[in-house]
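Encoded as structure tokens, the structure appears first; notes follow it.
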Amino acid sequence: MYTREQASQLRQAFWTAFGQYIAPHPSADGLRTNWANYKTGLKHVYFRMKADKKSASIAIEMTHPDPEIQALFYEQFEELRLLLHETLGEEWEWVLHTTDEHNRVVSRIYKELPAVNVFNKDDWPALISFFKPRIIALDEFWSTAQYSFDALK
């Protein structure tokens, strides 16, 4: 068992290592990108990577406080579902209106990797291998798809 500080340091060490590993890879638009804290440029739409002691996940998360507007974002992603899955090379889970760890209503499109532990350095290669191709594919998808959301800005 780790103290809160040790757990925080291990998590930070993982994300630092991931950032250094993926840093040389430019975005689909040829720009330098902070992959671990990816900016979509669209308020209330995030690409989130999470890792804890049981699993890891990568998600497109819609957090608009108005559930009806959040549903509009979700519907726009549904229009792009085929492009998204083709770019990712796999199908992801789709959930409209669930709650996050802070009890806020969110919608998610996500992929999960079970049975990995960010606190176990032996799992880091599996975590990096899980996150890297998916965040790069999300960036490639977003470089064209983001314009479909202009009306919702």
Side-chain angles (χ1 to χ4, degrees), residues 7-8 10-23 25-29 31-119 123-124 126-153:
S8 176
L10 264 173
R11 248 193 309 277
Q12 187 175 358
F14 169 75
W15 289 112
T16 299
F18 175 75
Q20 290 170 340
Y21 183 77
I22 197 169
H25 199 288
S27 72
D29 297 330
L31 305 172
R32 284 182 53 91
T33 301
N34 180 346
W35 294 101
N37 190 18
Y38 190 94
K39 302 283 187 218
T40 65
L42 190 58
K43 194 171 183 179
H44 305 297
V45 175
Y46 302 94
F47 294 170
R48 300 223 200 264
M49 293 182 284
K50 295 180 182 174
D52 60 27
K53 62 184 177 185
K54 294 181 181 176
S55 65
S57 66
I58 184 168
I60 300 169
E61 201 167 85
M62 292 143 274
T63 64
H64 198 285
D66 182 331
E68 290 179 21
I69 294 174
Q70 194 180 111
L72 290 174
F73 281 101
Y74 186 87
E75 289 168 17
Q76 187 59 44
F77 275 105
E78 283 185 319
E79 293 289 321
L80 300 164
R81 183 188 289 245
L82 185 62
L83 174 64
L84 176 64
H85 288 168
E86 282 178 358
T87 307
L88 292 167
E90 63 188 6
E91 293 201 9
W92 284 18
E93 301 296 319
W94 292 66
V95 181
L96 175 64
H97 296 150
T98 185
T99 54
D100 67 7
E101 62 273 7
H102 305 293
N103 256 357
R104 293 178 300 199
V105 174
V106 299
S107 295
R108 266 192 202 108
I109 305 162
Y110 70 95
K111 186 72 172 180
E112 194 168 79
L113 178 66
V116 290
N117 182 347
V118 73
F119 303 115
D123 284 352
W124 287 12
L127 288 164
I128 289 170
S129 296
F130 173 73
F131 287 131
K132 182 183 177 189
R134 288 170 179 86
I135 192 68
I136 289 170
L138 276 178
D139 172 64
E140 183 181 329
F141 162 77
W142 194 243
S143 76
T144 47
Q146 65 184 321
Y147 305 106
S148 301
F149 292 85
D150 285 349
L152 296 173
K153 281 187 177 178

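Side chains included, hydrogens not; waters and symmetry mates left out as well; all remaining heavy atoms used. None of these values were measured; they are calculated from a predicted model.
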Inset, instruction - Before giving the answer on side chain to side chain contact (heavy atoms under 4.5 Å, CB included), spell out for Arg108 and Arg48 the whole-Å C-alpha distance, their side-chain angles and the decisive distance to 0.1 Å. - result: CA-CA 10 Å; Arg108 266 192 202 108; Arg48 300 223 200 264; over 6 Å; no
CG (Leu84) and CG (Leu138) are apart, to the nearest 0.5 Å, by 6.5 Å
For Phe119, the ring-ring contact (aromatic ring centres under 6.0 Å, His included) test, sequence neighbours excluded, returns Tyr2
Margin query: Are the side chains of Arg11 and Val118 in contact, using a 4.5 Å heavy-atom criterion?
Written below: yes
Here the pair of heavy atoms bringing Gln146 nearest to Thr40 is OE1-O, 4.1 Å
Rounded to the nearest 0.5 Å, the NZ atom of Lys53 sits from the CG atom of Asp123 at a distance of 14.0 Å
Here the gap from Leu113 atom CG to Ser55 atom OG, rounded to the nearest 0.5 Å, amounts to 8.0 Å
Between the CE atom in Met62 and the CG atom in Leu96, the distance rounded to the nearest 0.5 Å is 8.0 Å
Here the pair of heavy atoms bringing Leu83 nearest to Thr144 is CD2-OG1, 4.2 Å
Per ring-ring contact (aromatic ring centres under 6.0 Å, His included), Trp142 is matched among Tyr38, Tyr46, Phe149 by Phe149
For Tyr74 together with Trp94, are the ring centres under 6.0 Å from each other?
yes
**Asked** How about Arg104: does its CZ atom have over 12 heavy atoms from other parts shown lying under 6.0 Å from it?
**Response** yes
With Trp124 as partner, the option from Trp15, Phe130, Phe18, Phe14 fulfilling ring-ring contact (aromatic ring centres under 6.0 Å, His included) is Phe14
Begin from the C-alpha positions of Glu101 and Lys50 and carry the test salt bridge (Lys or Arg N to Asp or Glu O under 4.0 Å) through to its verdict. CA-CA 12 Å; Glu101 62 273 7; Lys50 295 180 182 174; 3.4 Å; yes
Closest non-hydrogen contact found for Ser143 with Asp29 is CB-OD1, 3.5 Å
Across all chains, not counting sequence neighbours, the side-chain hydrogen bond (donor to acceptor under 3.5 Å, both in side chains) partners of Gln70 are Ser107
To the nearest 0.5 Å, atom CD1 of Ile22 lies from atom CD1 of Ile136 at 4.0 Å
When rounded to the nearest 0.5 Å, the distance separating NE2 of His64 from CG of Leu72 is 9.5 Å
Correct closest heavy-atom pair for Tyr110 and Ala59 would be CB-CB, 3.6 Å
Tightest non-hydrogen contact, residues Ile135 and Ile58, listed as N-CD1, 3.7 Å
Looking only at heavy atoms, the pair that brings Trp92 and Ile109 closest together is CE3-O, 3.6 Å
